[in-house]
Colleague: 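Handing you this structure, nothing more for now.
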Amino acid sequence: MATPFIAGLAVAAAALAGRYGIQAWQAFKARPPTAKMRRFYDGGFQPTMTKREAALILGVRENAPADKVKEAHRKVMVANHPDAGGSHYLASKINEAKDVMLGKTKGSGSAF
């Protein structure tokens, strides 16, 4: 006598769980897309810039090709250019990062 009752409760629980799952899935699909904000390097600077630090500043991999480095440099400089209210110090570090990634530096080329 208790077995049909327990089976009925199990079927009801499965139906409620399925209904909740379908509602959750539809709500998930209907949510507005979120824009992915790209995060730039927000750490301090080392006395002599390494290739790892340069890659973090530009947001590329350490073994990125030159065209990717130049494209990333352009994007970061647009956001931090001194003529647009950015910092001269950050602009020099961004330029130094590009030089390090492209192999054009002999040491710390920052003017600061």
Side-chain angles (χ1 to χ4, degrees):
M1 181 135 140
T3 305
F5 180 72
I6 292 173
L9 283 177
V11 169
L16 286 174
R19 180 178 176 203
Y20 175 75
I22 290 171
Q23 288 176 348
W25 176 251
Q26 288 173 346
F28 176 75
K29 287 193 321 185
R31 68 179 167 71
T34 56
K36 282 190 173 181
M37 293 298 294
R38 188 163 170 201
R39 294 211 46 216
F40 295 109
Y41 180 65
D42 56 358
F45 297 110
Q46 298 173 358
T48 303
M49 188 171 293
T50 63
K51 193 160 185 165
R52 180 180 182 276
E53 182 181 24
L56 286 171
I57 291 170
L58 295 176
V60 296
R61 294 178 187 245
E62 290 184 44
N63 57 358
D67 59 329
K68 293 281 186 186
V69 171
K70 290 177 183 176
E71 179 184 336
H73 173 262
R74 189 172 298 113
K75 286 181 181 180
V76 177
M77 276 303 288
V78 165
N80 294 292
H81 199 277
D83 291 346
S87 165
H88 289 280
Y89 177 72
L90 287 178
S92 71
K93 286 297 190 178
I94 294 166
N95 287 330
E96 184 181 359
K98 179 189 78 162
D99 291 342
V100 167
M101 290 297 292
L102 296 177
K104 296 181 179 180
T105 187
K106 294 180 175 80
S108 180
S110 175
F112 296 96

Colleague: Please tell me if the side chains of Glu96 and Ile57 come closer than 4.5 Å, counting only heavy atoms from C-beta onward.
Modeller: no
Colleague: Once rounded to the nearest 0.5 Å, what's the spacing between atom CD of Gln26 and atom CZ of Arg31?
Modeller: 14.5 Å
Colleague: Between Met77 and Asn95, is there a side-chain heavy-atom distance shorter than 4.5 Å?
Modeller: yes
Colleague: For Ser87 and Pro82, work out which heavy atoms get closest and say how close.
Modeller: O-CG, 4.0 Å
Colleague: What distance do Asn63 atom CG and Lys51 atom NZ have between them, rounded to the nearest 0.5 Å?
Modeller: 8.0 Å
Colleague: If you take all heavy atoms of Met101 and Val69, which pair is closest and at what distance?
Modeller: CB-CG1, 3.7 Å
Colleague: Nearest 0.5 angstrom please: Asn80 CG to His88 NE2, how far?
Modeller: 12.5 Å
Colleague: Side chains of Lys68 and Arg61, heavy atoms from C-beta outward: is any pair under 4.5 Å?
Modeller: no
Colleague: Do Glu71 and Arg74 meet the salt-bridge criterion of a basic N to acidic O distance under 4.0 Å?
Modeller: no
Colleague: Can you check whether Thr50 reaches Val100 side chain to side chain, under 4.5 Å on heavy atoms?
Modeller: no
Colleague: Would you call Leu9 and Phe5 a side-chain contact if the rule is heavy atoms closer than 4.5 Å?
Modeller: yes
Colleague: Give me the atom names and distance for the closest heavy-atom approach of Leu58 to Ala72.
Modeller: O-CB, 3.4 Å
Colleague: How far does CE of Met49 sit from CG of Asp99, to the nearest 0.5 angstrom?
Modeller: 9.5 Å
